[in-house]
Amino acid sequence: MDSVDNRPAARDDPLEADGDTAASVTARRRRPARETFTDIALRAASIFTLIFIWWVLSLFFPPTLVPNPRETFAEVGAIIQSGELLIEMGATLRRVGVAFAIAIVLSIPIGIFMGTVKAIESFFEPPVVLGLTVPGLIWAVLAIMFFGLNEHSAYAAVAVSILPMLTISIWQGTKAIDKELLDMSAVFHASAWSKIVDVIMPQLISHILAAIRYGLGFAWKVVVVVEMFGFSNGVGYRVVRGFNTFSMKAVLAWTIAFLIVMVFIEFGLIGWLERSVTRWRPRAEAWRR
Amino acid sequence: MATVRVERAFKSFVREDGAEMRVLDGVTFEARDNGITCLLGPSGCGKSTLLNAIAGLEKLDAGKIEFQVSSLNFVGTEVFSNPHLKPETRNLKLGYVFQDPRLLNWKRVEGNLTFAFRGMSVPRDEWKPRLEKYLGLVGLAEFRRQYPLFLSGGMRQRVGLARALAIEPEVLLMDEPFSKLDQLTARKLRRDTLNICARLNQTALLVTHDVEEAAYMGDRIVIFSARPARIVEVLDNPLPTSARDPDEAEFIGFKKTLLNIVLKLIGQEDA
């Protein structure tokens, strides 16, 4: 567990021990609004700088090599408006979603057993560590050769390539579980179900979320590669079609549209999930600076 | 209300080099009913191991731990041996306050108490009054919706105390609960714990290596030798709870007496 122990230790005021008032407790909890604003401004400036550099480059190169950013973004808008993005992205998301579900369902028990039973740890460690080093492209090739060009190969390639990553996170998270809390729950006669739900899962959840985050980053890369091999839908297919017609604008527009959805999922959905399961943890902002 | 008897308790651990290390060497004593019994001994002597055995977290190699309980739930007196090992002992309620608070940091203060309620099968309609009563007793009534990591160390230990008391245990077990707090917080929490236990007529066992703490908290003081632990002396505190003021001559006198006994009985063995 990373920040569980980052508690503001020994906060007791020596003169009025235990004298923390409700006010000081809530004050410690609130985040300074201005810092957040500066943060957002810096992030926005970073994006605009990138687009500016792109625009400068587009002045020196023909549009077939570096298309105008404004036209490209208009194309992005068209892709979104026409509903094409929804359809292609839907196909890609479904592949990633199914593969993720498979990988999660497999990695949680394997990871938990690896973290608790020495023999299982020794048995699974080599394939997990080896699996981590195999490039996603190889899994894509193997899956297509084995299953043919159908949905199964996409599910298999993505699931297999993220499985080691997820398993390692859950394995390490399980090893980091606080045994003393398990003793505590035994003293209070907690049921097996309560031990899992109230004691073990909350300690694992931050590891699982981190795993999902890394796993997603990897899954997108693999699924696009699989789709490029000859699928007839999905974002990867549209990028390849842009490539075949040598339309830099289409390739970039699809990439950007894809990025927008990714940003929403990674920062929006997963970020929200993370915040909502770690409300109990004081924010680390104060010491990071 | 409840008494605890430990009879000829033996326990050994096997060290990593394979050598056997005896921790408990035939420990026998009886805790006082409706009062605090301090298990006083040098660090690492096996007091905590014994407390864990009483709580059922650890198994003795030999010996007996008996609880005599005459609460409203039971007609007459029931005798249990080591709890958790037999299903019928699930009726016996033991509260445990650990050295660290051992709270579920992802649950609010009240959630930490209801976690214990659920485990101990406290009827749901009692949850609310008990939350109010016991969080009030430890002085945290207004913090019930707070998360533990937003509280100070002393307050977290108070939550641990409230959790142990709120299941209304026949016996309250405490394993050096003040040793990781700063001196003034510890002093305040000792006083409050003593008063709460007196008010609730709580039978309690307190493990400590601190002579002053034993003199202050213990109605009965059981002195352990260094490892392997044997009982070298049992004495009852001549001062009633209300007369134990750390700054009063009478208390200081008793503390000195106790210290001399400890030094005489186990001091030389250490040297």
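Everything numeric in this text was worked out from a predicted model, so none of it was measured.
Using a 4.5 Å cut-off between heavy atoms, R163(B) touches chain A through backbone and side chain atoms alike. Using a 4.5 Å cut-off between heavy atoms, S185(A) touches chain B through backbone and side chain atoms alike. Only the backbone of L103(B) comes within contact range of chain A, with at least one heavy atom under 4.5 Å from a heavy atom of that chain. Proximity to chain A (any heavy atom under 4.5 Å) is shown, for Y96(B), by both the backbone and the side chain.
Other residues, nucleotides and ligands contribute only 12 or fewer heavy atoms inside 6.0 Å of the CG atom of L86(A). Around the NZ atom of K221(A), the shell of radius 6.0 Å holds no more than 12 heavy atoms that belong to other residues, nucleotides or ligands.
At a threshold of 4.5 Å between non-hydrogen side-chain atoms, the residues L189(B) and Q157(B) count as touching. Side-chain contact between D178(A) and R102(B) is absent, with no heavy atoms from C-beta onward closer than 4.5 Å.
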